[in-house]
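Both ligands and their constituent atoms are indexed starting at 1 by order of listing.
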Amino acid sequence: MRILNLSLNGFRNYESFQCEFDPGVNLIVGQNAQGKTNLLEAICYLSRGAAFRTRRESELIRFGADFAELCATVSSYGREQQLRAVMFAGRRPRQLFLSGVKKNSRGDLDGVLNTVLFCPEDLLVLKKGAAERRKLLDDALCQLRPRYAAALEEYRRLLAQKAAILRERAERPEMLELLPDYNERMAQTGAIIVTTRAKYLRQLELRAAAHHAAFSGGSETLTLAYQTVSTVEDPTAPVSEVYQRLKEHQQSHWRAELDSLQCLSGPHRDDFEAALNGLPMKAFASQGQTRTAAISLKLAERDLFEADTGELPVLLLDDVLSELDSGRQDFVLNRIRNGQVFISCCEQDKVTDIGKTIRIENGSLLS
Ligand code: ATP
Ligand code: MG
């Protein structure tokens, strides 16, 4: 999958912009606030039909302009197609087109241009709380496995209802009779969630560890371990087995849930631990190591997406070079050899040997 060219009119700080891209690495260089991230945002918008930095479409339209237009030629599954999006100031809804044909929803563009984005906030995945790590797994799996998305949705609904029943225990004690039923269904959907996440994480670990080893010059071994409730010894065991273990955990926490009025049992608290050479990253990883692992995870996500869909998504790396030593910078610039990659950076002297350098100043291309 790759983007052959892009044109922007009135998007963010771009008045009128046109560029052809390299099938390999595209290094976007410029000083702060010149439009590097905006360019990646435009590509992302055409890929997903939504922006990654804002929900407000009006922010994407250049100040003072009536509309913004984004247009790209994309090559995927052996054919070339045009993606076009037009956003209007005011209330008129945005329009999406695929090779000139108007499309009603962004779902109609699915699979034309897939992107994997790394932005500085992705570093939080390894540093912050478990919710960020669950989100990483859930986002990927919801795209790849419709059955997983359905299980997750049902689990979340059951969890919210169970939480309400526990919370209102004093006012509506008769509702407690429903809990066994909720627990049963939460163990069923929970077992699908645990096993699907754990198996995906194992695949992710396999690939991320290989990328991380190459990235760090072979000095660091990355491991990822799924963590769920204590009774589940092997989260990759068959669903029926994990279901039984989840039931056991529910039973042993039944009293505690009634006392604390909280849902204490189930995969809604699951996590995974990332470690380097056996040391948990959250506590011990340096900034460069955290960045290296976060990028390796993205590369692995991209590999798994390719294994599932047959096409390698376009990789968008925003501001990744800072904090990396020269060997690791060289990995990013010259050694991601499969598929198309966009890398933004402020370091004016950086070049790539396997692609092209695009210099941006104040929303314009410097030739
Ligand atoms: P950095 O190196 O600091 O990350 P960058 O090159 O990635 O910088 P961008 O985030 O792409 O910078 O661009 C930021 C600039 O775009 C800001 O100066 C901002 O004011 C401008 N900008 C954002 N939205 C609009 C808009 N709707 N109209 C005009 N300019 C805008
Ligand atoms: Mg930026």
Chemist: Evaluate Gly35 for polar contact with ligand 1, using N/O atom pairs at a separation under 3.5 Å.
Modeler: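 Between Gly35 and ligand 1, an N or O pair is found under 3.5 Å apart.
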Chemist: Under 4.0 Å from a heavy atom of Gln31: which atoms of ligand 1 are those, numbered in the order shown and with their elements?
Modeler: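 Reading through ligand 1 atom by atom, the close ones are 6 (O).
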Chemist: Tyr148 and Arg197: side-chain donor and acceptor closer than 3.5 Å?
Modeler: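 Distance-only check passes for Tyr148 and Arg197.
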Chemist: Identify which of Asn362, Asp318, Ile61 has a heavy atom lying nearest to atom 27 (N) of ligand 1.
Modeler: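 Result: the heavy atom closest to atom 27 (N) of ligand 1 is in Ile61.
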Chemist: Nearest 0.5 Å, please: how far is CD in Gln82 from OG in Ser7?
Modeler: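 If we round to the nearest 0.5 Å, Ser7:OG and Gln82:CD are 10.0 Å apart.
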Chemist: Using the rule given for side-chain hydrogen bond (donor to acceptor under 3.5 Å, both in side chains), can you reason through Glu184 versus Tyr243, listing the C-alpha separation, both sets of side-chain angles and the distance that settles it, and then say yes or no?
Modeler: CA-CA 9 Å; Glu184 173 61 27; Tyr243 160 79; 2.7 Å; yes
Chemist: Checking Thr236 against Asp234: is there a side-chain donor and acceptor pair closer than 3.5 Å?
Modeler: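 Yes - a donor-acceptor pair under 3.5 Å links their side chains.
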Chemist: Which of the atoms of ligand 1 are close to Arg53, meaning less than 4.0 Å from one of its heavy atoms?
Modeler: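 So the answer, numbered in order with elements, is 10 (O).
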Chemist: Using distance alone, with no hydrogens and no angle criterion, decide if Asn334 and Asp330 have a side-chain donor and acceptor under 3.5 Å apart.
Modeler: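 Yes, a side-chain donor-acceptor pair sits under 3.5 Å.
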Chemist: Distance under 4.0 Å to a non-hydrogen atom of Cys346: what atoms of ligand 1 satisfy this?
Modeler: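 Listed by number with element: 2 (O).
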Chemist: Should the pair Arg328-Asp325 be classified as a salt bridge under the 4.0 Å nitrogen-to-oxygen rule?
Modeler: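 Salt bridge present between Arg328 and Asp325.
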Chemist: Name the closest protein heavy atom to atom 3 (O) of ligand 1, giving the residue it belongs to and the distance to 0.1 Å.
Modeler: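 Minimum-distance protein heavy atom for atom 3 (O) of ligand 1 reads Asn32 ND2, 3.1 Å.
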Chemist: For atom 23 (C) of ligand 1, what is the nearest protein heavy atom, given as residue, atom name and distance?
Modeler: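 Atom 23 (C) of ligand 1 sits closest to the protein heavy atom Arg12 CD, 3.7 Å.
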Chemist: Look at the N, O or S atoms of Asn32, main chain and side chain alike, and state whether any lies under 2.8 Å from the Mg ion (ligand 2).
Modeler: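 For Asn32, the answer is no, given that no N, O or S atom comes within less than 2.8 Å of the Mg ion (ligand 2).
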Chemist: Decide if the gap between the ring center of Phe21 and the ring center of Phe342 is smaller than 6.0 angstrom.
Modeler: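 Here the rings of Phe342 and Phe21 have centres that are less than 6.0 Å from each other.
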Chemist: At what distance is the nearest protein heavy atom to atom 16 (O) of ligand 1, and which residue and atom is it?
Modeler: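 Of the protein heavy atoms, Asn38 ND2, 3.2 Å lies nearest.
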Chemist: In the protein, what heavy atom is nearest to atom 7 (O) of ligand 1, and what distance, to one decimal place, separates them?
Modeler: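 Looking at atom 7 (O) of ligand 1, the protein heavy atom closest to it is Thr37 OG1, 2.7 Å.
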Chemist: At less than 4.0 angstrom from any non-hydrogen atom of Asp319, what atoms of ligand 1 do you find?
Modeler: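 Selected atoms, number and element: 4 (O).
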Chemist: Any side-chain donor-acceptor pair under 3.5 Å between Glu57 and Tyr45?
Modeler: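 Per modelled atom types, Glu57 and Tyr45 side chains form a pair under 3.5 Å.
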Chemist: For ligand 1, indicate whether the residue Glu41 contacts it via side chain, backbone, both or neither (heavy-atom separation under 4.0 Å).
Modeler: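 It is neither part, as no heavy atom is under 4.0 Å.
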Chemist: What protein heavy atom sits nearest atom 21 (C) of ligand 1, and how far away is it?
Modeler: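 Going atom by atom, the protein heavy atom closest to atom 21 (C) of ligand 1 ends up being Asn13 CB, 4.0 Å.
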Chemist: Name the closest protein heavy atom to atom 2 (O) of ligand 1, giving the residue it belongs to and the distance to 0.1 Å.
Modeler: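 Minimum-distance protein heavy atom for atom 2 (O) of ligand 1 reads Lys36 NZ, 2.7 Å.
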Chemist: Kindly say whether Leu366 contributes a backbone atom to a donor-acceptor pair with the side chain of Arg359 at under 3.5 angstrom?
Modeler: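 Between the backbone of Leu366 and the side chain of Arg359 there is no qualifying donor-acceptor contact (under 3.5 Å).
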Chemist: Nearest protein heavy atom to atom 8 (O) of ligand 1, by residue and atom, and its distance?
Modeler: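 The closest heavy atom on the protein side is Ala33 N, 2.7 Å.
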Chemist: Among His249, Gln250, Lys247, whose side-chain hydrogen bond (donor to acceptor under 3.5 Å, both in side chains) with Ser265 holds?
Modeler: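 Among His249, Gln250, Lys247, the one meeting side-chain hydrogen bond (donor to acceptor under 3.5 Å, both in side chains) with Ser265 is His249.
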Chemist: Under 3.5 Å between any N/O of Phe63 and any N/O of ligand 1: does that happen in this structure?
Modeler: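 Between Phe63 and ligand 1, an N or O pair is found under 3.5 Å apart.
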